[in-house]
Amino acid sequence: MPLPEMPCTAAGLDSRRIAQPGTSRSARGLITAYPVMADAGRHVPPVALGTMDHTMKERIAILGERKAEALAAGSPRAVERQHEKGKMTARERLHYLLDEGSFQELDMLARHRAHGMGLEEQRPYTDGVVTGFGTIDGRRVCVFSQDFTVFGGALGEVFAEKIHKVMDLAASTGVPMIGLNDGAGARIQEGVVSLNAYGGIFYRNVASSGVIPQVSVIMGPCAGGAVYSPAMTDFIFMVEGTSHMFITGPDVVKTVTGEDVTLEELGGAMSHATKSGVATFVYPDEKACLDAVRYLLSFLPSNNLEPPPEVEPVDDPERGLPELLDLVPASPNQPYDMKKVITAVVDDGDYMEYFPHWARNLTCGLARLDGHVVGIVGNQPQVLAGVLDINSSEKGARFVRLCDAFNIPIITFVDVPGFLPGTDQEYGGIIRHGAKLLYAYCEATVPLVQVITRKAYGGAYVVMSSRSIGADLAFAWPSAELAVMGPQGAVEIVYRRDLASAPDPAARRKELVEEYMERYANPYVAAERGYIDDVIDPSDTRRVLIRSLAMLVSKREELPKRKHGNVPL
């Protein structure tokens, strides 16, 4: 029996059906109106619509019209402006990222319920964000894609509720969460409601950290509080020229500090890739960026309870590496490219470098050995001689913890002369930041294998996954130099008086340096004491590592009961 129609004269309404703004004429017959309260404060019940006489065919037609509106929520002009900037729309990005036909949208017909500043006159479906789930290479993922063509992608209450729901779905089902960000921050018209909604996103980012992979793709502006959700995810992708992240824009910076800075200089992709260490990966256009997201996920498990995905190897596990025999220069002061070592060792030379533009004196990345995913950490002698400094320590610590969270074994290639000296480093907290890398290795429970290719000096050697801090296996090339410090510095300290009294200090210094190198700066003293497990031929490195990881595949560690450790942040 249909409900009786109620007069709404107190609210200035009558009993006629009321269409929501932006709704097609033929759809209006099925829309329930929710009028505002009467002046007296009494509740006004919804207007009855008399819809019982509609056939299923008519209802499906109306549903189709509503969904058609949702699919074209942004105006044609807004879509055109998006394309003029070299940017895809929110839906175009999802269709490109996900396997064809796999996307299932959620909350497509959601609309905001805010009032004021004219918002009640604009209630487009989706409310400016497209959410749902699909597959990438057949593996399930949850996604959201902010729509700049609707309210400039600004976040309001309903917008955030949609993101909350899909993040909860990702966490409960144990699948990666991918966010495509292209929005103007909090929706000013919704005030503190928007700010509270952001908090719900941040809370879920933290709850999912280390449980499921979280990937942020910045494909437009990302400003103010909106930047903190990406900052707490595992990876941030940016696009050159169209991606921008900043807490305060150039105009505010100019007003407060007097600095003149462009949008690109302040928050562009390369600024964050080279200076701030915010952008993990940078690509020249959106399609290349989304291709890279798909590629990254091929290395990651769906959650922390699963192993990383394996592939059928085509690269011979017993392949020798004769090219490494002449790679390390005879002189310890000459550089070489550690990435050449890494690409020679891993399957098919396939190495996805992590933060390739930042802290380049340490290289980190994902690769495979005999089809199994591994994390690689290596000092880079070509940049600052491979020393550890503040930025490289943070980069390495973050990567080691990422691998440990997602069950990825870690191989560490060591050629480190020490920590970078200087007042800038000391005042900047090199002690505290260097301790982050040390802490990360000590805390890790995944298989850890160390390979010393050349220099391994002082505390930096200990920090770089030495046996003393938990490495399961440690190997060294014959060119390895394990010592408290480099021979030049050691001779200057230990033989200061001898050098001062020598008739030819230069000749005596050379003699003492050679003696020191012969007695101390080699791998054999460490091998005698068991600090390294074997000295290996560089050409055998690949097969030794594959055998080692095969042995360590069943490694298990019992951690002490505690709430969490206190990382030296």
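This is a predicted model, so every value here is computed, not measured. Just so you know, these numbers use all the heavy atoms, side chains as well, and skip hydrogens, waters and symmetry mates.
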So does R432 have more than 12 non-hydrogen atoms from other groups sitting under 6.0 Å from CZ? yes
Side chain to side chain, P332 and K455, heavy atoms closer than 4.5 Å: yes
Expected output: side-chain N407 to main-chain P308 donor-acceptor under 3.5 Å: no
Do Q380 and D337 pair up side chain to side chain, a donor and an acceptor below 3.5 Å, judged on atom types alone? yes
Do side-chain atoms of S243 reach the backbone of I218 as a donor and acceptor pair under 3.5 angstrom? yes
Side chains of P409 and V449: does their closest heavy-atom pair fall under 4.5 Å? no
Whether over 12 other heavy atoms sit under 6.0 Å from F103 CZ: yes
Mind checking the CE-CD1 spacing from M464 to I469? Nearest 0.5 Å is all I need. 9.5 Å
Given 3.5 Å as the limit, does a donor-acceptor pair link the side chain of S216 with the main chain of G179, or not? no
Between F281 and L296, the two heavy atoms sitting closest are CE1-CD2, 4.4 Å
Keeping the roles fixed (side chain from D472, backbone from L448), state whether a donor-acceptor pair exists under 3.5 Å. yes
Within the side chain of T242, is there an N or O that forms a donor-acceptor pair under 3.5 Å with the backbone of G220? no
Let's go through Y336 and R454 carefully: what are the C-alpha distance in whole Å and the side-chain angles of both, what is the deciding distance for side chain to side chain contact (heavy atoms under 4.5 Å, CB included) to 0.1 Å, and is it a yes or a no? CA-CA 11 Å; Y336 62 96; R454 191 169 63 175; 3.7 Å; yes
Residues E323 and K340 bridged, charged N to O under 4.0 Å: no
Walk me through whether V567 and R401 qualify under side chain to side chain contact (heavy atoms under 4.5 Å, CB included). CA-CA 11 Å; V567 184; R401 299 193 85 202; 3.9 Å; yes
Q146 side chain to G183 main-chain N or O, any donor-acceptor pair under 3.5 Å? yes
For R368 and V346, indicate whether the former's side chain and the latter's backbone hold a donor-acceptor pair under 3.5 Å. no
F406: which of P307, S302, P213 passes side-chain contact (heavy atoms from CB on, under 4.5 Å): P213
Please name the pair of heavy atoms, one in E264 and one in H244, separated by the smallest distance, quoted to 0.1 Å. OE1-NE2, 2.8 Å
In this structure, are over 12 heavy atoms from other groups packed under 6.0 Å from E318 atom CD? yes
What distance do Q214 atom CD and F235 atom CZ have between them, rounded to the nearest 0.5 Å? 11.0 Å
Would D370 and R547 pass as an ion pair if we require N to O under 4.0 Å? no
Please report the shortest heavy-atom distance between A367 and I376, naming the atom on each side. CB-CG1, 4.4 Å
So does D533 pair up with R467, basic N to acidic O under 4.0 Å? yes
Is there a donor-acceptor pair closer than 3.5 Å between any side-chain N or O of R91 and the backbone N or O of V130? no
Shortest non-hydrogen pair, P381 vs M338, comes out as CD-CB, 3.9 Å
Would you say D534's side chain and F475's backbone share a donor-acceptor pair under 3.5 angstrom? no
Under the criterion side chain to side chain contact (heavy atoms under 4.5 Å, CB included), I'd like the reasoning laid out for S229 against F202: C-alpha separation, chi angles, the key distance, then a yes or no. CA-CA 6 Å; S229 175; F202 303 156; 3.9 Å; yes
Over all atoms of both residues, closest heavy-atom pair of K87 and P221: NZ-CD, 4.1 Å
Between atom OH of Y295 and atom CE of M352, what is the distance when rounded to the nearest 0.5 Å? 6.5 Å
CG (N304) and CG (D404) are apart, to the nearest 0.5 Å, by 10.5 Å
Less than 4.0 Å between a side-chain N and a carboxylate O, is that true for E394 and K436? yes
Working for side chain to side chain contact (heavy atoms under 4.5 Å, CB included), residues N361 and L420: CA-CA 11 Å; N361 44 318; L420 183 64; over 6 Å; no
Please give me the minimum heavy-atom distance between P309 and V373, naming the atom from each residue. O-CG2, 3.5 Å
Hey, are the side chains of M245 and I236 touching, using non-hydrogen atoms and a 4.5 Å cut-off? yes
From the options M177, H164, M232, select the one residue that forms a side-chain contact (heavy atoms from CB on, under 4.5 Å) with R204. H164
Look only at the side chain of Y203 and the backbone of Y198, and say whether a donor-acceptor pair between them is shorter than 3.5 Å. no
Rounded to the nearest 0.5 Å, how far does SG of C364 lie from CH2 of W358? 9.5 Å
Side chains of D99 and T135: is there a donor and an acceptor less than 3.5 Å apart? yes
Looking at CD of E353 and OG1 of T363, how far apart are the two atoms once the value is rounded to the nearest 0.5 Å? 3.5 Å
Heavy-atom distance under 4.5 Å between the side chains of L388 and L362, does that happen here? yes
Contact between L327 and P538 at the side-chain level, heavy atoms closer than 4.5 Å - yes or no? no
For I247, does the CD1 atom have more than 12 heavy-atom neighbours from other residues, nucleotides or ligands under 6.0 Å away? yes
Using side-chain heavy atoms (C-beta onward) and a distance below 4.5 Å, is I410 in contact with F399? no
For residues I452 and E481, determine if any side-chain heavy atom of one lies less than 4.5 Å from a side-chain heavy atom of the other. no
Side chains of L300 and D234 in contact at under 4.5 Å (non-hydrogen atoms): no
Is it the case that atom NZ in K555 sees more than 12 heavy atoms from other parts of the structure closer than 6.0 Å? yes
